[in-house]
Structure formats: C-alpha cells, structure tokens
**Q** 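Below is the structure I would like to discuss, written out as structure tokens.
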Amino acid sequence: MRHPERRLLISVDMERYSRRTNLQQYEAQKHFRELLHEAAGDVGLDRVAWTTQQAGDGELAILPRDVAESRVIGRFVPELNRRLRSYNSSRVPAARIRLRVAVHQGLVHLDGANGFPGNAVVLVCRLCEAAPVKQALAAFPDAGVALVVSAEIYRDVVTEYPEEMRPERFRRVEVTHPDKGFREDAWFCVVDEDMSALPAAEDAGTPSPAPVSTTPPAPGGGAPGGGPPESPATRTPPGAGDIRTGDIRVDGQNAIGHGATAIGSVGRDLTFGGGREGRAR
C-alpha cells in the first residue's frame with residue numbers, strides 16, 4: 001500500500017439523470033464528457049492528467065498536485081457553467097445537462113483495489129449529494145452549475161480571492177446524511193445566480209421540528225378551549241396537518257369536536273360551530 005497523497009478532489013453529478021430514457025442517457029454521457037474536457041482546456045487544465053472514477057451520471061476526479069485550487073473554482077467552474085448554459089439553450093428540458101459540482105481537498109489512496117480510499121473522497125461525494133444543493137439548482141432552471149465546497153476550501157481559497165470567487169454569493173449549510181452518520185459544514189452557490197431571494201437552506205436529511213401548540217390546556221385535563229376531553233377517536237395525531245380552532249378540528253371536509261359542523265374543504269369557505277364563517281388558506 002502506497003502512502004496517501006494530499007490532492008484536490010472534484011465530485012460531479014448530473015441532475016435528473018435517472019429520469020432520462022436510454023437514448024437520452026447515452027447522449028447525456030457523451031456530451032457531459034465533451035463539455036468537461038472543453039471547459040478544462042479553455043482555462044489551461046489538462047483533463048487527461050486527471051485521475052477519474054466514472055459513473056453513468058457523473059465522476060469523481062483527483063487532480064494532479066500542481067493544479068491550483070483557485071483556477072479550478074475561479075475559472076474552470078464558471079467556464080463549465082457558461083458552456084452548459086449555451087448547450088442547454090437550444091435543447092428541450094429533458095435533454096439539458098445541469099451539474100452539481102463539489103470541491104474538497106484531503107488525503108486519498110491512489111492505489112485502492114476498487115476505487116480511491118480516503119475520508120476526503122467520502123466527504124466530497126456526500127457534499128455533492130446534499131439536498132440543499134439539489135434544491136438550489138432546481139430553483140434556477142436556466143443555471144448550469146450548482147457549486148458546493150467544503151469549509152476548508154471556502155476559508156482557504158474562496159475568501160482569499162474575492163475578486164474571482166465572489167464569496168458573498170455563497171451560503172453556509174450544514175450537510176447531514178443521518179443514515180450514514182454524516183454531518184459537515186459547507187458553502188454553496190448557484191453560479192451566476194442571485195440566491196438572496198431563496199429561503200434559508202435546511203440541512204440535508206434533518207426533519208423539521210413538529211409545530212408547538214401555544215394554546216394552554218383547559219382546566220381539569222379537557223381539550224384546549226374549554227371543551228370536553230378529546231377521545232382517542234378525535235385526538236389529533238402529531239403533524240396531521242389539519243386545521244384547529246378551539247375544540248374543533250377540521251380534517252378534509254369533516255369537523256370533529258363538541259357541537260361542530262363544517263362546510264367546504266381546506267382552501268374553501270368553512271363554517272365552524274354556531275354559524276361563524278372564516279377562510280382557511
């Protein structure tokens with residue numbers, strides 16, 4: 001076993017690849033490789049010297065020792081984005097190629113029996129699969145690349161070259177894959193897009209907390225609002241997503257509770273109890 005080497009790592013994944021037909025996948029793979037080669041060549045990078053592990057919808061690349069991180073992030077990624085935008089402009093949505101690109105650096109074994117062993121490899125691949133990055137790319141249908149970098153790359157490269165990297169366009173995110181015991185900070189952007197209008201990114205794989213009721217319990221253990229206690233049949237399960245006012249719960253077109261009636265459905269006019277009308281939105 002050779003000693004591991006510290007290298008720059010790039011993981012690239014194609015959006016919506018599995019939804020393509022066989023012929024569309026074949027064409028996407030062909031143009032994916034061409035676009036990467038052309039973008040690298042235009043900024044003075046030799047793709048032939050990259051050590052790569054191919055997948056149908058992307059690749060893992062280990063770059064030579066002498067490749068500058070700033071050239072990859074500040075020049076290669078924007079050029080790749082430019083070429084993808086141009087390529088996609090004349091194609092129907094199903095044939096377009098849009099990429100998530102993750103960048104990290106760390107120790108990696110180049111002589112693995114079935115790949116490239118190393119925690120740095122695991123990390124860069126997990127970043128590329130982060131849900132907030134997928135969601136951000138989906139929010140900009142004309143974009144070509146969503147870029148995510150590790151906290152180390154952001155600190156040591158992006159913030160050190162603000163004229164090229166535009167650090168103000170990056171957002172911090174905590175990437176989590178709970179089923180894999182993975183949790184890491186990262187920074188991401190959609191190249192040449194203003195993400196300020198997007199809601200704050202949620203970390204990948206972390207469920208949102210259940211809503212907390214602010215209605216105080218009724219005296220004597222009754223239902224909120226002073227009505228009779230809820231029976232098991234009418235008790236609202238956590239996170240059911242229904243509408244409640246006092247002791248009345250509206251579930252679809254049915255009202256459940258003491259003396260309750262409901263007319264309509266969610267999103268339409270509703271009548272609660274003694275003829276009071278309201279609008280649910």
Side-chain angles (χ1 to χ4, degrees), residues 9-43 45-63 72-73 75-104 114-116 121-149 169 173 175 177 179-180 182 186 188-195 197-198 201-202 204-205:
L9 311 172
I10 303 177
S11 179
V12 184
D13 198 34
M14 200 182 309
E15 181 188 59
R16 301 169 68 91
Y17 178 81
S18 62
R19 301 186 187 186
R20 303 170 192 259
T21 65
N22 288 0
L23 181 58
Q24 288 171 341
Q25 291 181 12
Y26 185 93
E27 291 293 322
Q29 287 189 18
K30 175 177 179 289
H31 293 295
F32 167 79
R33 287 178 59 84
E34 290 175 353
L35 289 161
L36 286 174
H37 278 281
E38 291 168 357
D42 277 356
V43 300
L45 296 175
D46 181 11
R47 278 266 299 169
V48 176
W50 295 14
T51 303
T52 59
Q53 180 175 300
Q54 300 296 327
D57 57 351
E59 72 171 29
L60 169 69
I62 302 172
L63 274 59
V72 171
I73 299 171
R75 298 189 61 190
F76 168 68
V77 172
E79 176 61 23
L80 178 60
N81 175 70
R82 186 190 69 79
R83 286 184 170 274
L84 285 167
R85 286 177 183 262
S86 176
Y87 173 88
N88 292 335
S89 65
S90 60
R91 286 168 173 79
V92 298
R96 292 171 187 167
I97 298 175
R98 285 154 40 91
L99 304 176
R100 299 187 309 278
V101 178
V103 181
H104 179 49
N114 193 38
F116 305 114
V121 172
V122 173
L123 191 148
V124 76
C125 293
R126 297 280 186 263
L127 295 187
C128 198
E129 287 296 317
V133 183
K134 294 181 179 180
Q135 293 160 4
L137 183 59
F140 296 98
D142 294 329
V145 174
L147 170 67
V148 56
V149 301
R169 292 196 174 186
V173 65
V175 177
H177 296 276
D179 57 326
K180 302 179 186 299
F182 180 90
F188 74 103
C189 70
V190 179
V191 180
D192 288 339
E193 297 288 353
D194 180 8
M195 298 203 304
L198 290 181
E202 296 180 359

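Not measured: the values here are computed from a predicted model.
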**Q** Would you mind reporting whether Leu36 and Arg47 have side-chain heavy atoms less than 4.5 Å apart?
**A** yes

**Q** Would you mind reporting whether Met195 and Phe140 have side-chain heavy atoms less than 4.5 Å apart?
**A** yes

**Q** Before accepting this row, confirm whether a basic side-chain N of the pair Arg82/Glu79 lies closer than 4.0 Å to the acidic partner's carboxylate O.
**A** yes

**Q** Is any side-chain heavy atom of Val12 closer than 4.5 Å to one of Phe32?
**A** yes

**Q** Do the side chains of Lys134 and Glu129 get close enough for a salt bridge, i.e. N-O under 4.0 angstrom?
**A** yes

**Q** Within a strict 4.5 Å, meaning less than it, do heavy atoms of the Tyr26 and Arg20 side chains meet?
**A** no

**Q** Does Tyr87 have Arg91 sitting over its ring (NZ/CZ under 6.0 Å from centre, angle to axis within 45°)?
**A**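 Cation-pi check for Arg91 and Tyr87: passes.
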
**Q** Heavy atoms only: give me the nearest Leu127-Val149 pair and the separation to one decimal.
**A**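 Heavy-atom minimum between the residues: CD1-C, 4.1 Å.
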
**Q** Does atom CG of Asp179 have more than 12 heavy-atom neighbours, drawn from other residues, nucleotides or ligands, at distances under 6.0 Å?
**A**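 Check passes, neighbour count above 12.
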
**Q** Going by atom types alone, do Glu34 and His31 pair a side-chain donor with an acceptor below 3.5 Å?
**A**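 Side-chain D/A pair, Glu34 to His31: present.
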
**Q** Does any N or O in the side chain of Asn88 come within less than 3.5 Å of the main-chain N or O of Ile97, such that one atom is a donor and the other an acceptor?
**A**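 Here the side-chain-to-backbone pair exists.
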
**Q** Can you tell if the side chain of Asp192 reaches within under 4.5 Å of the side chain of Arg85, non-hydrogen atoms only?
**A**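 Touching, per the 4.5 Å side-chain cut-off.
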
**Q** What distance do Cys189 atom SG and Asp194 atom CG have between them, rounded to the nearest 0.5 Å?
**A**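 So the SG of Cys189 and the CG of Asp194 are separated by 11.5 Å.
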
**Q** Over 60° means perpendicular and under 30° means parallel, so classify the ring planes of Trp50 and Phe76, tilted if in between.
**A**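 Rings of Phe76 and Trp50: perpendicular, over 60°.
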
**Q** Check for a donor-acceptor pair, side chain of Arg98 on one end and backbone N or O of Leu137 on the other, with a separation under 3.5 Å.
**A**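 Flag set: sc Arg98 to bb Leu137 pair under 3.5 Å.
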
**Q** Any donor and acceptor pair, going by atom type alone, linking the side chain of His104 with main-chain N or O of Leu123 inside 3.5 Å?
**A**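 Here the side-chain-to-backbone pair does not exist.
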
